[in-house]
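Read through the structure below, which is laid out as structure tokens, and then see the notes.
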Number of protein chains: 2
Amino acid sequence: MADGMGTGVEDAATAGGRKRAGRAELSPEKVLAKAIEVIDSDGLEAFSMRHLAKGLGVTPMALYWHYPKRHDLVRAVVAEVLAGVVPATATHWEEWLRDYMHRFRAAITRHPNVAPLIGGQLISNVSGNLDMIEALLTRLQEAGVPDHKMVQAYNSVIGGMVGFVSQEFALVPSSSDDGWDGRMKEVIGGIDAERHPHLHAMRSRMENRSFILRWENGATRPMDDSFDTFTEVMIAGIRALTV
Amino acid sequence: MADGMGTGVEDAATAGGRKRAGRAELSPEKVLAKAIEVIDSDGLEAFSMRHLAKGLGVTPMALYWHYPKRHDLVRAVVAEVLAGVVPATATHWEEWLRDYMHRFRAAITRHPNVAPLIGGQLISNVSGNLDMIEALLTRLQEAGVPDHKMVQAYNSVIGGMVGFVSQEFALVPSSSDDGWDGRMKEVIGGIDAERHPHLHAMRSRMENRSFILRWENGATRPMDDSFDTFTEVMIAGIRALTV
DNA sequence: ACCTGAACACCGTTCAAGT
DNA sequence: ACCTGAACACCGTTCAAGT
């Protein structure tokens, strides 16, 4: 037992890998993995502590030992999904920003259903993000953004990027909000050529492919080229800040 | 009683303003007004059908006659808040876009707590927005955006604008998620000058004033000048699309 | 240290009635 | 037409126990 050694021995209850009756062998990692699995396959509305516990074969309260509040688990999910977003290494600032924005979106694409969690809450997984913030500030300075516009430029990039993608993957009404897509199609079909000529001309190109005029989100109707354009808009806009 | 006149007389049950016992004199407008009132004063988490009903002195189910699903009421709230956003009239496209974006943000500023509803769900109050979409498309064409980039440009403007503001007013953790702000301050205070020199230099200017490094949202810490910069970034970016 | 069980104060919504 | 009342199937979370 090596007594007297103050090495933080943890009670040795489950020592030797022996399973204790009534113990579910839970861990923060297992709970987190199951949470992401549930969100990915069953949608965000299935992400409840009780449903999760059932999936893990455990009492709801078992989860609370590892995550004291549901929001702690939410934070962990967001952190995990965003953990893969490593900004690229040394290139020109434009190339870096383009790459970073696409990496961010790619992470959300892997777990589209978590998007509302990222867009709706204050992003908080700070610790791991300081490197990213430092990199972004460095690149913005490299681009020529003056110090007195640095915070605004930073907020523009983050707000625009996170905001666009959150919008793209925004929650679709529900499983079947009776004929919500039908009504949308009706509205688009009924666009009047005289009242809304430009919209009328564009309607087939915009239908279900543009904000406000769609009934599916980015999970089933990704806005790839629009996001490409958006990054170019942002890059050109940042460049204009430097003159 | 003017019988025989098919003018859609409504049963005359409450005719003459006489109150019926057990009737609460509800209406879609009254429910909607109360919903916005509750959201504004008590926050989004207080916006439940049951809490709302209590506030109106009525059974929860009474609301369901006027709004068959909670989501119908959510839609109505969003539509109402955004109803005030009338795009400005004829000016240069840059002036128009700047004005429109600020009007949109001003509407959210009037009801900051509804922001998560706007950012999180697919925006759906279509009918009233066709005029706005037509106007935006017109201005983008006026700006010189070619037809084959029109949808992308439209999505960039809407996605960026709605996204930024949604982010700015994103939900703060909760009433008191024990020392969440404290931990954030610690992180910022502990920024290492050697590992993160740019961030270190900017830290006092960014603390609680920039995305990821804040613990309050736009309701208490509005990002006015960042949004100004963001609109200029968008405008310059759109302009770059035309060359 | 880690989990169970019962209980509290909530939800949205359906269904059958009342007037 | 418009509202009540009871019921169903959920929530997150606290508190007291168990091992």
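Each chain gets a letter, A, B and so on, in the order its sequence line appears, and its residues count up from 1. In this text, all values refer to a predicted model and were calculated from it rather than measured experimentally.
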By nearest nucleotide on DNA chain C, pick out whichever of Ser27(A) and Arg70(B) is the more 5' one.
Ser27(A)
Nearest-nucleotide check on DNA chain C, Arg50(A) vs Trp65(A); residue mapping nearer the 5' end is Trp65(A)
Considering non-hydrogen atoms only, spot the tightest contact between His66(B) and Ser27(B) and give its length.
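Taking every non-hydrogen atom into account, CE1-CA, 3.8 Å.
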Should Arg75(A) and Asp72(A) count as an ion pair when the cut-off is N to O under 4.0 Å?
yes
If you assign each of Pro68(A) and Ala46(A) to its closest nucleotide in DNA chain D, which residue comes earlier from the 5' end?
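This one resolves to Ala46(A).
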Under 3.5 Å for both donor-acceptor distances, Watson-Crick or wobble: does dT4(C) have a partner, and if so which one?
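WC or wobble partner is dA16(D).
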So what's dA9(D) paired with, Watson-Crick or G-U wobble, going by both distances under 3.5 Å?
none
Over how many whole Å does the gap from [X] atom [atom1] to [N] atom [atom2] extend?
X: Lys54(B); N: dA9(C); atom1: NZ; atom2: P; answer: 11 Å
X: Leu56(A); N: dT4(C); atom1: CG; atom2: P; answer: 11 Å
X: Tyr64(B); N: dG5(D); atom1: OH; atom2: C1'; answer: 15 Å
X: Glu25(A); N: dT4(C); atom1: CD; atom2: C1'; answer: 16 Å
X: Glu45(A); N: dC11(C); atom1: CD; atom2: P; answer: 20 Å
X: Tyr67(B); N: dT13(C); atom1: OH; atom2: C1'; answer: 18 Å
X: Leu52(B); N: dG12(C); atom1: CG; atom2: C1'; answer: 13 Å
X: His51(A); N: dG12(D); atom1: NE2; atom2: C1'; answer: 16 Å

Write down the distance separating the P atoms in dA9(D) and dA9(C), rounded off to the nearest Å.
22 Å
Cation over ring, Arg70(B) on Phe47(B), under 6.0 Å and within 45°?
yes
Take atom CZ in Arg103(A); do more than 12 heavy atoms of anything else shown fall under 6.0 Å from it?
yes
I want to check one thing: is the phosphate of [N], taken as OP1 and OP2, less than 4.0 Å away from some side-chain N or O of [X]?
X: Thr59(B); N: dC3(D); result: no
X: His66(A); N: dC3(C); result: yes
X: Lys69(B); N: dT14(C); result: yes

Value for CD (Glu37(B)) from CG (Asp42(B)), rounded to nearest 0.5 Å, stands at 8.5 Å
Look at the side chain of Met61(A) and decide which nucleotide, out of dC15(D), dG12(C), dC3(D), has an atom nearest to it.
dC15(D)
So which nucleotide from dT4(D), dG12(D), dT13(C) ends up closest to the side chain of Ser48(A)?
dG12(D)
